[in-house]
Amino acid sequence: MGPSLRWGDVFGGYKKLSDGQIQAGARPIFTLSGHSLVGDKRTTPIRGDLADISLAGKLFAPHYAVPMLRTGIAPVTEIHAEAHATSMPVSALMHGEEFAVLDVAGEWAWGYCLHDNYLGYLRFAELGDDFAATHIVSAPATLLVAAPSTKAPVLARYPMGARLLCGELSACGKYLACENGFVPHTHVSEIGRVDASPADLAEQLVGTPYSWGGRSGDALDCSGLVQLVFGLKGIMAPRDADMQMADFGVELPEGATLERGDLVFFPGHVGIMADAENIIHANGAAMAVSVEPLADAAARFAEHEVAILTRKRVAL
């Protein structure tokens, strides 16, 4: 692994400009008083040698860095717990989503996703310049093709959740110009104008493979499914199931009837109700997104003192 490059190391005398660039300047001095604040390690941008500049004066680190904002340019980029390919994936960055880079060492960048502040390592080469995405893939996946024709060669595949910069409708009325190619217009929606409900979107993903850290139409874990389908509606959930249980939606009172779209939380797991009795969830039992009776899903948590921890409803 090559030498570490820290973007915007404050002790090196840099500061962030309004356009996101960094220039040499005064060296600010930060002091800590009282107890150092401790946050969730998954979303608090600090490690042994480095922290985000936003934590200066709150948490001690040898160096503080101004984040460099970059955008995902691969269809999906895995985010890892450590800076190597065999490390456990913890999340994923979709095409068009922003990532705050705090450190680059060799081929790996360390930082956090702007949509949920989730930390991890990803390959720096899969990040690029920011672009103003106009559309989001609202079908399970779409194909970027070289020409507006069903017989055109495929250039790339983008899963549900990928954000794209699209242009005008083709003369045939079936494709949108996009990414030096074309995508079927029925596979994408304008950002903020997805008609389908979270439960509708989740049902489209039935059969999608289960994968720890997945949050796209290509691969999903339980909380990734929730984050994806609510995110398409403009409602961003935290990344992990315990975070969603703590800070997403409103808890239903005891005895309230479950409705389509409600969330049910188990120990370390979450799913979306298809109706009052059946649940849609990405699960390791099926190794895919599946629909099954809630009672059957709960039975797999029988070894726990409580199988269903809470039930929540999210206002759309």
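FYI, the numbering just counts along the sequence from 1.
No salt bridge links Arg163 with Glu98; every basic N to acidic carboxylate O contact stays at or beyond 4.0 Å. For Lys312 and Glu251, the salt-bridge test fails: no basic side-chain N is under 4.0 Å from an acidic carboxylate O. Salt-bridge formation is not detected for the pair Asp195/Arg193: no Lys NZ or Arg NE/NH1/NH2 atom is positioned less than 4.0 Å from an Asp or Glu carboxylate oxygen.
Closest approach of Leu232 and Ser138 over heavy atoms only: CD2-CA, 3.8 Å. Contact between Ala51 and Ile46 at its shortest, heavy atoms only, is CB-CG1, 3.6 Å.
When each of Lys41, Arg215, Arg42 is checked for a salt bridge (Lys or Arg N to Asp or Glu O under 4.0 Å) with Asp240, only Arg42 meets the rule. His80 pairs with exactly one of Trp110, Trp108, Tyr121 by the ring-ring contact (aromatic ring centres under 6.0 Å, His included) rule, that one being Trp108.
Partners of Thr257 by side-chain hydrogen bond (donor to acceptor under 3.5 Å, both in side chains), not counting sequence neighbours: none found. Partners of Thr43 under the side-chain hydrogen bond (donor to acceptor under 3.5 Å, both in side chains) rule, at least two apart in sequence or in another chain, do not exist in this structure. With sequence neighbours left out, the side-chain hydrogen bond (donor to acceptor under 3.5 Å, both in side chains) criterion links Glu203 to Arg260. A search for ring-ring contact (aromatic ring centres under 6.0 Å, His included) contacts involving His135 returns nothing, not counting sequence neighbours. In this structure, the side-chain hydrogen bond (donor to acceptor under 3.5 Å, both in side chains) partners of Thr77, at least two apart in sequence or on a different chain, are Glu126.
Between the Lys233 side chain and the Val194 main chain, a donor and an acceptor come within less than 3.5 Å of each other. A donor-acceptor contact shorter than 3.5 Å links the side chain of Asn283 to the backbone of Ala286. Counting only distance, with no hydrogens or angles, the side chain of Thr44 and the backbone of Asp40 share a donor-acceptor pair below 3.5 Å. Remark: the backbone N or O of Cys166 is paired with a side-chain donor or acceptor of Thr134 at under 3.5 angstrom. Of the possible donor and acceptor atoms, none in the side chain of Ser211 sits under 3.5 Å from a partner among the backbone N and O of Gly214.
Sorted pairs that involve residues 175-200 and meet ring-ring contact (aromatic ring centres under 6.0 Å, His included), not counting sequence neighbours, are lacking altogether. Counting only residues at least two apart or on different chains, the salt bridge (charged side-chain N to carboxylate O under 4.0 Å, His left out) pairs with a member in residues 67-76 are Arg70-Asp129. Each ring-ring contact (aromatic ring centres under 6.0 Å, His included) pair with one or both residues in residues 206-236, not counting sequence neighbours, appears once here: Phe230-Phe248. The stretch residues 292-309 participates, sequence neighbours left out, in these salt bridge (charged side-chain N to carboxylate O under 4.0 Å, His left out) pairs: Glu292-Arg300.
Using a 4.5 Å cut-off between side-chain heavy atoms of Ile, Leu, Val, Met, Phe, Trp and Tyr, with links allowed through other members, Leu258 and Leu309 fall into different hydrophobic clusters. Criterion: ILVMFWY side-chain heavy atoms under 4.5 Å apart, direct or through other members. Under it, Leu143 and Tyr158 are not part of a common hydrophobic cluster. Hydrophobic clustering (ILVMFWY, side-chain heavy atoms < 4.5 Å, transitive): Ile79 and Val76 are in distinct clusters. Each of Val291 and Phe301 belongs to its own hydrophobic cluster when Ile, Leu, Val, Met, Phe, Trp and Tyr are linked at side-chain heavy-atom distances under 4.5 angstrom.
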Enumerate, atom names and distances included, each donor-acceptor pair closer than 3.5 Å involving a side-chain atom of residues 144-152, sequence neighbours excluded.
{"from": "Ser149", "atom 1": "OG", "to": "Lys151", "atom 2": "N", "distance (Å)": "3.1"}

Listing, residues 262-280 side-chain donor-acceptor contacts under 3.5 Å, not counting sequence neighbours, or none:
{"from": "Asp262", "atom 1": "OD1", "to": "Arg313", "atom 2": "NE", "distance (Å)": "2.8"}
{"from": "Asp262", "atom 1": "OD2", "to": "Glu259", "atom 2": "N", "distance (Å)": "2.7"}
{"from": "Asp262", "atom 1": "OD2", "to": "Arg313", "atom 2": "NE", "distance (Å)": "3.4"}
{"from": "Asp262", "atom 1": "OD2", "to": "Arg313", "atom 2": "NH2", "distance (Å)": "2.9"}
{"from": "His269", "atom 1": "NE2", "to": "His281", "atom 2": "ND1", "distance (Å)": "2.7"}
{"from": "Asp275", "atom 1": "OD1", "to": "Glu277", "atom 2": "N", "distance (Å)": "2.9"}
{"from": "Asp275", "atom 1": "OD1", "to": "Asn278", "atom 2": "N", "distance (Å)": "2.8"}
{"from": "Asp275", "atom 1": "OD1", "to": "Asn278", "atom 2": "ND2", "distance (Å)": "3.1"}
{"from": "Asp275", "atom 1": "OD2", "to": "Asn278", "atom 2": "ND2", "distance (Å)": "3.3"}

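One side chain, Asp52 or Ser54, offers a donor N or O that lies under 3.5 Å from an acceptor on the other. For the residue pair Glu82 / His84, a side-chain donor-acceptor distance below 3.5 Å is found, with atom types taken as modelled. Defined by atom type and a distance below 3.5 Å, a donor-acceptor pair is present between the side-chain atoms of Arg239 and Ser223.
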inquiry  = Leu220 vs Leu228, test: side chain to side chain contact (heavy atoms under 4.5 Å, CB included). Steps then yes/no.
reply    = CA-CA 9 Å; Leu220 291 156; Leu228 173 62; 3.9 Å; yes

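The hydrophobic cluster containing Met236, built from Ile/Leu/Val/Met/Phe/Trp/Tyr side-chain heavy atoms closer than 4.5 Å, comprises no other residue.
For the atom pair Leu93 CG and Ser216 OG, the distance stands at 11.0 Å (nearest 0.5 Å). Here Glu97 contributes atom CD and Ile73 contributes atom CD1; the two are 14.0 Å apart, rounded to the nearest 0.5 Å.
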